[in-house]
Amino acid sequence: MIDIKLVRDNPDLVRASQRARGADETLVDQVLAADEKRRSSITEFESLRSQQKTVSKSVGAAMGKLNAARKAGSADVDVLAKEADEARARATELSAQVKQREAAADQEDKEFTALLRELDNIVLDGVPAGGEEDFETLETVGEPRSFDFEPLDHLALGEKLDAIDMQRGAKVSGSRFYFLKGAGARLSNALMAYAQSIAAEEGFTPLIVPTLVSAQSMGGTGYLDAHEDVYELESGELYLTGTSEVALAGFHTDEILDLSNGPLRYTATSTCYRREAGSYGKDTRGIFRVHQFTKTEMFVYCDPQQAVEEHQNLLRIERRLLDGLELPYRVIDVAAGDLGGSAARKYDCEAWVPTQGKYRELTSTSNCTTYQARRLNIRQRGEGGKTEFVATLNGTMLTDTRPIVALLENHQQADGSIRVPQALQPFLGTDVIRPA
RNA sequence: GGAGGCGUCGCCUAGUCUGGUCUAUGGCGCCCGCCUGCUAAGCGGGUUUGGGGAUAAAACCCCAUCGAGGGUUCAAAUCCCUCCGCCUCCGCCA
């Protein structure tokens, strides 16, 4: 959710942002109209309520006097009783009116809020306009390797190494499920351990988080808007999270944070569940696109002034991890239309996948500025003790499945063995993976 | 899963039975000021959050907020219902 004050004070900025995203510009005027309507309705209701309270209090005062007179056996009892009855009658009338105006004001406020929530975050300066294909490549690192033999794809390699078992995954759970076995399972563990060790070096606090969360938590991060991609339990009460970002963002919901010692930086490794609805036929081979994987995520709460700097830091850490895996990759500045509603800017790191001849997304980092925090009600004490919303950012350290795809394919050798990059060796306990 | 207890503006706490001077009490902490060689003590004031109005900005005025949401009533922290969380006991269990 963006700040209504920004919409009021600078509607053109909001329009420009919507335009860059290819989103609805007229929404801005709808929001402003609804805001206008809501405010006049609130004013009307509140002044009526104020009158009602005054009258109602006079009933209380009259009752007090009446009771005192009764106790004292005073002759004024009849007069006082009449006064109290009259005040009560006036209050009854006002009460009915107040109820009506309150209902109207509530309704208009709901309509306003619903519209405001539809507005996407304001895109930061420099973000390329347009859709998925309009990204800007910021940097290309390393060279796609040229093979002097015919490279195998990750599944062929995984099967030769007895590291990936799709058949049994399908048998147990269905399509897009898999088993990692032996070296495959060890690789998954090693990647997460590698990510966690870097996270510790970079000053992130590790958390073990819930992966089943309430509708409220799911909605807070905006993931309920993409409902078709979320697994919901039959009970309708809990959802399986597609990323630990949900829990990491929910962690400080409704809190006022103390950021005087700098940003709060968290990391969590969790299992991620995604339905991948609408991706039928895409990446059907192997473990590139699956319903369940493991991911180590970073999440940062910081002063809005520091958000851009923190975003660069998250990107730097992502690159550090990929450098350590010795993969060729590129960094792209994702175009406005492909950001999702919460992000003001997003960088993806895409690794080279030799058998696809393409760069594919491995990690991603988003600066959500204050958009998420406003929805989750996460604030800090600002100037003069006033509260203000914080900025939130998130970034992938590593997942297990896609890096395994990239590692197997890029580091395969003619004999079917896999070279293990140095940074991963301490966690895997070997410098080469050979067929069993 | 069963039974009982509890949830008050940072923390603690009064108020709930018996609805109305409750404009939610008091203490601690914190902030500002006074006093003072300094510090402490003392004294005075302030101290939930969100929204609406007013303003150049404030001061200020108003509405809501006693775990959340409904209901009864002219009037709800207080009475009724539903839900959530915590604690104690019992049962079951890795």
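Between B:U23 and B:C66, the distance separating the two C1' atoms is 15 Å to the nearest Å. Annotation: B:A59 and B:G67 have their P atoms spaced 29 Å apart (nearest Å). B:G85 sits 35 Å from B:C74 when the P atoms are compared, rounded to a whole Å. Taking atom P in both B:A41 and B:C32, one finds a spacing of 15 Å when rounded to whole Å. Atom C1' of B:A24 sits at a distance of 12 Å from the matching atom of B:U65, rounded to the whole Å. If you take atom C1' in B:G53 and the same atom in B:A58, they sit 15 Å apart, rounded to whole Å. Straight-line distance between the P atoms of B:C17 and B:G7: roughly 14 Å, to the nearest whole Å. Nucleotides B:U13 and B:C83, compared at atom P, are 28 Å apart to the nearest Å.
With A:Met397 as the partner, the side chain to side chain contact (heavy atoms under 4.5 Å, CB included) test is satisfied by one option alone out of A:Met298, A:Arg320, A:Glu318: A:Met298.
Heavy atoms of A:Arg49 sit under 4.0 angstrom from primed sugar atoms or phosphate atoms, though from no base atom. Note on A:Thr387: only backbone sugar-phosphate atoms sit closer than 4.0 angstrom, heavy atoms only; bases stay farther off. When heavy atoms are screened at a 4.0 angstrom cut-off, A:Glu93 is found touching no nucleic acid atom at all.
Of the candidate nucleotides B:U49, B:C74, B:G52, B:C74 has the atom lying nearest to any side-chain atom of A:Ser95. Nearest nucleotide to the side chain of A:Arg379, out of B:C74, B:G51, B:U49: B:U49. The side chain of A:Lys53 lies closest to B:C63 when the candidates are B:A75, B:G52, B:C63. Of the candidate nucleotides B:G52, B:C63, B:A75, B:A75 has the atom lying nearest to any side-chain atom of A:Gln52.
A ring-centre distance under 6.0 Å is found for A:Phe251 and A:Tyr266.
Taking atom CG on A:Asp258 and atom P on B:G10, their separation rounds to 16 Å, with Å as the unit. The nearest whole Å value for the distance from the CZ atom in A:Arg90 to the C1' atom in B:U73 is 18 Å. Regarding A:Asn377, its CG atom lies at a distance of 18 Å from the P atom of B:U65, rounded to whole Å. As rounded to whole Å, 20 Å separates atom P of B:C63 from atom CD of A:Glu108. Rounded to an integer number of Å, the gap from A:Gln51 CD to B:C62 C1' is 12 Å. Note: CG (A:Asp106) to C1' (B:G70) measures 13 Å, nearest angstrom. What separates CG of A:Asp254 from P of B:G85 is a distance of 15 Å, to the nearest Å. Here the P atom of nucleotide B:G51 and the CZ atom of A:Phe45 are 16 Å apart, to the nearest Å.
With hydrogens and angles left out, the side chain of A:Glu46 and the base of B:G51 share a donor-acceptor pair within 3.5 Å.
A sub-4.0 Å separation between OP1 or OP2 of B:C63 and a side-chain N or O of A:Ser50 is present.
Atom OG1 of residue A:Thr392 and atom NE2 of residue A:His252 lie 12.0 Å apart, to the nearest 0.5 angstrom.
Side-chain contact of A:His311 with A:Tyr347: a donor-acceptor pair under 3.5 Å is absent, judged by distance alone. Defined by atom type and a distance below 3.5 Å, a donor-acceptor pair is present between the side-chain atoms of A:Thr243 and A:Lys295.
Residues A:Thr54 and A:Lys57 each lie close to RNA chain B; by heavy-atom proximity, the contact nearer the 5' end of the strand is made by A:Lys57. When each of A:Ile4 and A:Val55 is assigned the nucleotide of RNA chain B with its nearest heavy atom, A:Ile4 is the one assigned upstream, toward the 5' end.
Between A:Glu276 and A:Arg176, none of the side-chain N atoms (NZ, or NE/NH1/NH2) sits under 4.0 Å from a carboxylate O, so this pair counts as no salt bridge. In this structure, A:Asp338 does not pair ionically with A:Arg21, as no charged nitrogen and carboxylate oxygen lie closer than 4.0 Å.
Applying the side chain to side chain donor-acceptor pair (under 3.5 Å) test to A:Glu388 and every residue at least two apart in sequence or in another chain returns A:Gln380.
No donor-acceptor pair closer than 3.5 Å links the side chain of A:Arg379 to the backbone N or O of A:Thr387.
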- Annotated structure of RNA chain B as dot-bracket, pair cut-off 3.5 Å, Watson-Crick or G-U only, | for inter-strand, is ((((((((.[[[..)....(.....]]]((((((.......)))))).(((((......)))))..[[[[[..)....]]]]])))))))....
